[in-house]
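Note on naming: letters A, B, ... go to the chains in the order of the sequence lines (proteins, then strands), and numbering restarts at 1 for each one.
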Amino acid sequence: MDDIKQAILDFAEKSKKTKFYFNDMEKAVRKVMPDIKARAVKKAATALINEEKLVYFSTGSTTMYGLKGRGQTEDH
Amino acid sequence: MAFEPKEEQKELKYEELRIYSDEELNNYTDEELKNFKIKHDIPMCDELESGPWPSFVADAKREALHRRKLADGRMMIEREVVEDMLGQLEVSFEHGETHWKHGGIVGVFGYGGGVIGRYSDLQDQFPSIAHFHTMRVNQPASKFYTSDYLRSLCDLWEYRGSGLMNMHGSTGDIIFLGTFTEQLEPIFYELGHVMQQDLGGSGSNLRTPSCCIGKARCEWSCIDTQAMCYELTHFYQDELHRPAFPYKFKFKFDGCPNCCVASIARADMSYIGTWRDNIRIDQEALQAYIGGEILPNAGAHKGKDWGKFDINKEVINLCPTRCMGMEDGKLMIDDKECTRCMHCINVMPRALKPGMDTGFTILFGAKAPILEGAQMSTLTIPFMQSEPPYDNLKENVIEPLWDWWMEEGKNRERLGELIQRQGIQKLLEILGIPPMPQMVKEPRSNPYIFWKAEDVPGGFERSIDDYRTRHAR
C-alpha cells in the first residue's frame with residue numbers, strides 16, 4: 001500500500017496538470033507497478049484523501065484528484 | 001421477507017428536532033408578500049411569474065421575505081442569499097451568460113461526492129452568494145418520507161443554508177441549493193448523526209440508486225424494488241462516496257415494465273421487474289370491462305366521453321406483437337410473443353395481472369445527456385430471480401462490468417458509450433452471456449455472431465492442399 005501511495009504522490013507532484021482523472025493516476029501507478037489492480041489504486045488514493053494529502057475536485061458530473069495545496073484551493 | 005434495516009432505525013420527531021417556532025415559520029402575511037420587493041431590480045425574473053405555470057421566482061420571493069423577517073442569529077448564512085441569487089440571475093439574463101463558477105474541491109471529510117462547489121463571479125455585487133454550494137441528500141427509497149422528516153430537513157436547511165431546495169433532482173436526490181463552505185460539515189453531521197440520513201452521489205461515482213414505489217403500493221411490481229435499492233446502496237457505499245469510475249454510473253429499479261422511474265432511459269444499469277410465466281387473466285372481470293361495468297384504465301380518463309369501451313380498438317389491435325385475440329368470447333394471449341408492453345394490463349388492471357414467476361430484466365447503457373442525444377438501454381439479461389442479498393447479481397454481473405468499464409472506459413465515457421465503442425459482443429463476453437437473436441434488430445440478415453478461432457474446432461487455419469484434394473482449381 002505504501003508503494004502505491006508513494007507512486008500516486010510522485011505522479012501528483014510531477015503531473016503537468018494540478019487536477020487529474022483517476023484513470024490517469026492509475027496509469028501512472030501501472031508504469032511503476034504493472035500488475036496493480038484498479039481497486040488497489042483506489043484504496044491507496046482513498047487513504048491519501050483521509051490523510052489529507054490528496055483532495056477531490058468535483059465539477060458535479062466528474063471527479064478528479066489533486067495534491068492538496070497545489071493549484072486551486074478551497075477559497076476559489 | 002420482512003424488511004430488516006442494516007442499523008437500528010429511530011423515529012424522527014419534528015418536535016424534538018425543530019429549529020423554528022410556528023410563528024417564525026409563518027412570519028409574513030399575504031398582504032406583505034404582495035407588496036414585497038427584493039433589494040435588486042429584477043424585471044426579467046418578474047416576467048417569469050406571468051406565465052401559466054407556477055414559477056420558482058414566486059417561491060424564491062416568498063423565501064426572501066421569510067428570511068427578511070427572521071430575527072438576527074436565526075440563520076447561519078447571510079439573510080440576503082435568496083435576494084442576491086435572484087439579482088445575479090437577472091444580471092445573467094442581461095448578459096446572456098452565467099455568472100456561476102461551477103465545481104471545486106469543497107466537500108465533507110472522506111466523501112468525494114454529495115457536495116458540488118459553486119461560487120459567484122460577481123462576489124462584490126452579490127456577497128451573500130459568494131459561495132453557493134449544492135448538497136445532494138440521498139432520498140429515502142421510493143421517496144417515502146414523513147412530514148416530520150421533511151420539516152426537520154427544511155428547518156436544518158433554512159438554518160444552515162439558503163432554504164432553497166429541489167424536490168427532487170433528476171437522479172432522485174433531495175437537492176439543497178446554496179450554502180457556504182463552513183456550513184458543509186455541520187450539515188453533514190446533523191444529517192448523518194441526528195437524522196440517519198446520508199448524502200447522495202455526484203461526480204464519477206455510483207449515483208444515488210433510485211427505485212419506483214414497488215411492492216409497497218403497487219400490485220404490478222414483480223420485484224421488491226425498495227429492498228434491492230436499499231441493499232445495493234448499502235453494499236456499494238464505497239462506490240457511492242469514493243469516486244474512481246471513469247464517469248457517473250446509475251442504478252435504477254423499476255418494479256414492472258411500466259418503468260415509472262424511467263430506468264430504461266436514464267440508468268447505466270436498469271433493473272426492470274418482469275415475469276416468466278403467463279399473464280393472469282380473470283375472464284369474468286374482462287367481461288365486466290367489455291360490458292362497461294368496470295371503467296378502463298381504472299377510470300383515469302373518465303373526464304371525457306370516449307364512447308363505449310371497445311376491447312378490439314383499445315387493447316387487442318394496439319398489442320405491439322399482436323399476441324392476443326378473442327376466442328369464443330374469451331381473451332387468449334400467446335404469452336411467448338408478449339414483449340411486456342403492459343398496455344393491456346394498464347387498461348384492464350382487474351382482468352389482467354403480471355404472472356407469478358417473477359424476477360427482473362437487466363438492461364445496460366442508457367443515458368440522458370443535456371447536450372447530445374439520449375440513448376436507451378440495451379436488454380442484455382432477460383431474466384434473473386430476485387433473491388436477497390443478490391450475491392449472484394453482485395458477483396457475476398455488477399462487479400465484472402465495473403472492472404471492465406474501469407479498465408477500458410475513457411475519461412468521461414459512460415457505460416453505454418463503451419458498449420458502442422467495443423461492441424455488445426465484448427459486453428457479452430465480459431458477462432459470460434451467449435448472444436441471442438433478440439439482441440439485434442434484424443437477426444435474419446445481420447450476422448451478429450462473430451466466431452473466434454477458439455470457438456471453432458481446429459481454429460481458422462486450414463491446409464489449402466487438403467482443400468484442393470477435394471476442390472479442383
Side-chain angles (χ1 to χ4, degrees), chain A residues 1 4-5 7-9 11-13 15-31 33-76, chain B residues 100-119 121 123 130-131 133-136 169 171 175 180-182 184 201-207 238-239 241-248 367 369-371 399 402-414:
Chain A
M1 170 80 108
I4 310 171
K5 281 159 74 172
I8 292 173
L9 289 175
F11 170 70
E13 281 162 14
S15 71
K16 281 184 193 164
K17 294 189 176 172
T18 59
K19 304 289 179 288
F20 38 85
Y21 290 104
F22 178 83
N23 262 354
D24 300 331
M25 183 164 70
E26 189 193 335
K27 277 181 201 157
V29 175
R30 284 235 170 98
K31 279 186 185 165
M33 287 171 267
D35 299 328
I36 202 76
K37 299 272 181 206
R39 285 174 196 274
V41 179
K42 181 181 175 179
K43 275 187 186 170
T46 302
L48 288 168
I49 292 277
N50 292 337
E51 290 165 19
E52 300 190 52
K53 290 177 181 164
L54 285 187
V55 289
Y56 293 120
F57 173 91
S58 174
T59 65
S61 64
T62 317
T63 312
M64 302 170 95
Y65 289 74
L67 191 68
K68 190 175 173 71
R70 189 170 176 227
Q72 194 180 60
T73 67
E74 288 183 14
D75 301 328
H76 293 89
Chain B
W100 293 120
K101 293 187 287 181
H102 202 66
I105 63 173
V106 289
V108 294
F109 186 72
Y111 273 33
V115 177
I116 300 145
R118 195 195 320 223
Y119 303 87
D121 68 9
Q123 299 190 3
H131 299 188
H133 308 318
T134 296
M135 297 185 84
R136 291 189 181 166
T171 300
I175 313 269
F180 270 62
T181 302
E182 53 270 27
L184 297 173
S202 67
S204 305
N205 270 319
L206 172 64
R207 299 302 182 84
D238 197 55
E239 282 72 15
H241 298 308
R242 283 165 276 280
F245 288 152
Y247 203 17
K248 63 182 84 168
K367 61 196 178 90
I370 297 168
L371 293 178
E399 285 159 28
W402 280 347
D403 285 344
W404 174 53
W405 181 49
M406 287 175 75
E407 190 68 35
E408 299 287 334
K410 294 180 180 175
N411 293 329
R412 296 175 63 85
E413 183 175 55
R414 294 284 289 270

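Taking the side chain as every heavy atom from C-beta outward, Asn411(B) and Asp24(A) approach each other to under 4.5 Å. Inter-residue side-chain proximity for Ile105(B) and Lys19(A) is flagged as met; some heavy-atom pair is nearer than 4.5 Å. Taking 4.5 Å as the limit, every side-chain heavy atom of Pro246(B) sits out of range of all side-chain heavy atoms of Tyr21(A).
Going from atom NZ of Lys43(A) over to atom CG of Asp238(B) covers 8.5 Å, rounded to the nearest 0.5 Å. For the atom pair NZ of Lys42(A) and CD of Glu239(B), the computed distance is 4.5 Å after rounding to the nearest 0.5 Å.
Residue Arg412(B) comes nearest to Ser61(A) through the heavy atom pair NH1-OG, 3.6 Å, listed as atom of the first residue, atom of the second, then distance. The heavy-atom pair separating Ser58(A) from Ser202(B) by the smallest distance is OG-OG, 4.4 Å. The two residues Gly60(A) and Arg207(B) make their nearest non-hydrogen contact at O-NH2, 3.4 Å. Nearest heavy-atom pair, Tyr56(A) versus His241(B), reported as atom, atom and distance to 0.1 Å: OH-O, 4.5 Å. The two residues Glu407(B) and Arg30(A) come nearest to each other via the heavy atoms OE2-NH1, 3.1 Å.
Comparing Val115(B), Asp403(B), Asn205(B) by how many heavy-atom pairs each has under 4.5 Å with chain A, the most go to Asp403(B). When the candidates Ile49(A), Thr59(A), Thr62(A) are compared by the number of heavy-atom contacts under 4.5 Å with chain B, Thr62(A) comes out ahead.
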message: Lys410(B) vs Asn23(A), test: side-chain contact (heavy atoms from CB on, under 4.5 Å). Steps then yes/no.
response: CA-CA 8 Å; Lys410(B) 294 180 180 175; Asn23(A) 262 354; 5.7 Å; no
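Looking at Thr46(A), the atoms closer than 4.5 Å to chain B (heavy atoms on both sides) all sit in the side chain, from C-beta outward. For a residue to count as touching a neighbouring chain, one of its non-hydrogen atoms must lie under 4.5 Å from one of that chain's; by this rule Phe22(A) touches chain B with the side chain only. Looking at Arg118(B), neither its backbone nor its side chain comes within 4.5 Å of chain A, counting heavy atoms on both sides.
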